Amino acid sequence: MTLRRRGEKATISIQEHMAIDVCPGPIRPIKQISDYFPRFPRGLPPDAGPRAAAPPDASARPAAASAGRRSPSDGAREDDEDVDQLFGAYGSSPGPSPARPPAKPPEDEPDADGYESDDCTALGTLDFSLLYDQENNALHCTITKAKGLKPMDHNGLADPYVKLHLLPGASKANKLRTKTLRNTLNPTWNETLTYYGITDEDMIRKTLRISVCDEDKFRHNEFIGETRVPLKKLKANHTKTFSICLEKQLPVDKTEDKSLEERGRILISLKYSSQKQGLLVGIVRCAHLAAMDANGYSDPYVKTYLRPDVDKKSKHKTAVKKKTLNPEFNEEFCYEIKHGDLAKKSLEVTVWDYDIGKSNDFIGGVVLGINAKGERLKHWFDCLKNKDKRIERWHTLTSELPGAALSD
């Protein structure tokens with residue numbers, strides 16, 4: 001002990017100072033906030049309050065008397081036990097355990113692809129209507145409006161447009177799109193897009209894919225969301241209205257049956273004219289033609305032959321339509337022939353892609369006649385049966401024709 005004179009201030013050595021401040025007692029771990037607020041599935045247990053207010057039992061008193069001799073780890077363990085007792089070692093303490101509330105049956109989770117999904121609020125909704133005109137083999141798609149689209153540009157807006165594809169076999173040939181509306185998340189188009197050459201078979205096996213995209217001038221256009229409608233859900237000649245939440249992009253089945261691959265469709269009219277004593281062949285239009293050029297389009301034209309053609313004078317040819325896969329021709333040719341001789345003939349129609357400086361590319365063709373099958377035979381038979389009546393039918397182009405047609 002250090003002696004000091006009267007009136008002199010007391011001084012404490014650094015060793016004594018450190019001993020006083022640093023050694024107040026046994027070191028105990030600091031509690032975390034989660035120790036005071038444990039998680040329970042349905043709030044606090046019903047007996048948490050009474051347990052917290054219950055006085056410590058007699059066995060706890062000797063333990064409190066010997067608190068000075070316990071190790072730090074023992075103190076930490078006891079603190080955890082105190083917290084468990086306060087907030088619930090729920091149902092694990094000795095004695096009668098409180099009755100658990102009856103388990104509720106699991107609620108049905110919302111369908112991830114349905115209206116309750118997060119995509120509904122994140123991507124937006126689309127209003128549109130569909131009409132299948134069975135008589136004219138046309139599918140009319142009216143794109144009305146969209147609401148709450150996902151922002152895609154730096155200004156928090158988007159430049160949306162809608163594009164349509166028919167699946168399976170999505171390509172430029174069956175792609176249709178609306179105009180682009182600038183700087184909006186709630187666009188209103190009120191635009192009708194029409195697919196021609198849609199048959200009852202298409203309505204059974206095809207699906208319409210409707211995609212909303214954001215147009216960018218300096219980069220690739222960005223996908224916002226899509227929806228798909230199986231055409232078998234539609235009734236012929238009945239308009240069906242939809243208001244659907246957009247979904248994330250779904251994978252396209254690339255392993256689809258190649259036998260379903262088509263070269264396009266052609267609308268042909270036939271009429272035997274008693275006045276002209278000849279067969280009138282009308283080439284109305286084509287739809288969904290195969291793309292033959294590097295730009296993803298074709299420059300199509302149509303040729304017709306009445307076989308057998310001994311004198312090689314039966315060839316007729318339409319004008320060339322530039323850069324299109326859905327050309328309209330509306331041209332008619334006349335073959336002078338007796339009505340009775342038509343039963344021995346067949347009409348060969350081929351579609352070609354015009355190329356400058358090289359051979360033209362064969363797109364597809366169809367043959368109508370007594371030796372044909374299905375709709376091709378029925379079309380020819382109806383023409384022979386109904387004189388002076390114009391009969392129009394859509395036909396699917398194939399890549400296989402008699403060898404004489406494959407050289408232009």
Side-chain angles (χ1 to χ4, degrees), residues 112-113 117-130 139-196 198 206-231 242-256 261-262 264 287-300 321-327:
D113 296 332
S117 68
D118 291 340
D119 295 343
C120 190
T121 55
L123 302 179
T125 61
L126 181 66
D127 295 351
F128 61 95
S129 63
L130 301 176
L139 177 64
H140 303 287
C141 313
T142 301
I143 307 300
T144 309
K145 62 182 178 179
K147 296 179 184 177
L149 294 181
K150 179 182 177 182
M152 303 300 291
D153 298 336
H154 295 299
N155 60 2
L157 300 173
D159 302 321
Y161 67 92
V162 177
K163 65 178 179 179
L164 310 180
H165 282 107
L166 283 175
L167 303 176
S171 66
K172 277 191 176 182
N174 62 42
K175 183 184 84 170
L176 301 176
R177 62 162 285 174
T178 67
K179 60 187 176 184
T180 300
L181 299 182
R182 302 290 176 186
N183 296 323
T184 178
L185 299 180
N186 300 286
T188 299
W189 289 281
N190 288 325
E191 192 172 339
T192 299
L193 307 173
T194 301
Y195 281 105
Y196 294 99
I198 300 297
K206 284 191 176 286
T207 296
L208 179 65
R209 177 189 182 189
I210 306 177
S211 307
V212 181
C213 301
D214 171 60
E215 184 177 292
D216 277 321
K217 291 184 178 180
F218 305 107
R219 353 176 245 179
H220 291 295
N221 296 342
E222 296 179 291
F223 175 86
I224 297 178
E226 72 169 40
T227 187
R228 299 186 185 184
V229 180
L231 297 184
F242 298 84
S243 182
I244 294 182
C245 293
L246 297 175
E247 305 172 16
K248 296 177 182 177
Q249 193 163 17
L250 302 173
V252 176
D253 185 11
K254 296 185 178 180
T255 61
E256 61 193 28
E261 186 177 355
E262 299 171 356
H288 319 154
L289 293 180
M292 307 302 290
D293 296 337
N295 60 7
Y297 294 96
S298 293
D299 302 319
K321 302 296 180 179
K322 293 289 186 180
K323 197 179 178 182
T324 179
L325 300 176
N326 298 278

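The first residue of the sequence shown is numbered 1, and numbering continues consecutively from there. Only this structure's heavy atoms are used, side chains among them; waters, hydrogens and symmetry mates stay out. In this text the structure is predicted, and so the values were computed from the model without any measurement.
By the 4.5 Å heavy-atom criterion applied to side chains, Pro187 and Tyr161 are not counted as neighbours. Residues Leu208 and Leu231 have side chains in contact (heavy-atom distance under 4.5 Å, counting atoms from C-beta outward). Side-chain contact between Ile210 and Phe128 is present, with heavy atoms from C-beta onward closer than 4.5 Å. Put simply, the side chain of Asp299 reaches to within 4.5 Å of the side chain of Asp293, judged on heavy atoms. No side-chain heavy atom of Asp127 sits under 4.5 Å from any side-chain heavy atom of Ile244. Put simply, the side chain of Trp189 reaches to within 4.5 Å of the side chain of Leu181, judged on heavy atoms.
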Report the C-alpha separation of Glu247 and Arg228 in whole Å, then their side-chain angles, then the decisive distance to 0.1 Å, and conclude whether the salt bridge (charged side-chain N to carboxylate O under 4.0 Å, His left out) test is met. CA-CA 9 Å; Glu247 305 172 16; Arg228 299 186 185 184; over 6 Å; no
Side chain to side chain donor-acceptor pair (under 3.5 Å) between Asp214 and Asn221: does it pass, once the steps are laid out? CA-CA 6 Å; Asp214 171 60; Asn221 296 342; over 6 Å; no
Working for side chain to side chain contact (heavy atoms under 4.5 Å, CB included), residues Lys145 and Asn190: CA-CA 7 Å; Lys145 62 182 178 179; Asn190 288 325; over 6 Å; no
Show your reasoning for whether side chain to side chain contact (heavy atoms under 4.5 Å, CB included) applies to Leu246 and Glu226. CA-CA 5 Å; Leu246 297 175; Glu226 72 169 40; 5.7 Å; no
Would Leu176 and Val162 count as a side chain to side chain contact (heavy atoms under 4.5 Å, CB included) here? Give the steps. CA-CA 8 Å; Leu176 301 176; Val162 177; over 6 Å; no
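Leu149 contributes atom CG, which lies 9.0 Å from atom CG of Leu123 (distance to the nearest 0.5 angstrom). Here the straight-line distance linking atom OG1 of Thr227 with atom CZ of Arg209 works out to 11.0 Å at 0.5 Å rounding. Rounded to the nearest 0.5 angstrom, Asp216 CG and Phe218 CZ are separated by 9.5 Å. The CG atom of Leu164 lies 8.5 Å from the CG atom of Leu139; values are rounded to the nearest 0.5 Å. Annotation: the span from Lys217 atom NZ to Thr180 atom OG1 amounts to 10.0 Å, rounded to 0.5 Å. The CG atom of Asn174 lies 5.0 Å from the OH atom of Tyr195; values are rounded to the nearest 0.5 Å.
When all heavy atoms of His288 and Ile198 are compared, the pair lying nearest together is CE1-CD1, 4.3 Å. Between Arg177 and Leu193, the closest heavy-atom pair is O-CD2, 3.6 Å. Contact between Leu289 and Pro300 at its shortest, heavy atoms only, is CD1-CB, 3.7 Å. Minimum heavy-atom separation, Lys206 to Pro168: NZ-O, 3.1 Å. Contact detail for Lys163 and Cys213: the closest heavy-atom pair is CE-SG, 3.8 Å. When all heavy atoms of Pro160 and Val212 are compared, the closest pair comes out as CB-CG1, 4.4 Å.
In terms of modelled atom types and a separation under 3.5 Å, the side chain of Thr324 and the main chain of Asn326 share a donor-acceptor contact. For the pair Asp159 (side chain) and Asn183 (backbone), a donor-acceptor distance under 3.5 Å is present. For the pair Asn155 (side chain) and Leu157 (backbone), a donor-acceptor distance under 3.5 Å is present. Side-chain atoms of Thr125 never come within 3.5 Å of backbone atoms of Ala146 as a donor-acceptor pair (strictly under, hydrogens ignored).
Here Thr194 pairs with Ala138, His140, Thr192, Tyr196 under the side-chain contact (heavy atoms from CB on, under 4.5 Å) rule; sequence neighbours left out. In terms of the ring pair (Phe, Tyr, Trp, His ring centres under 6.0 Å) criterion, Phe223 has no residue partners (sequence neighbours excluded).
With respect to Lys179 and Glu215, no salt bridge is recorded, no charged nitrogen being found less than 4.0 Å from a carboxylate O.
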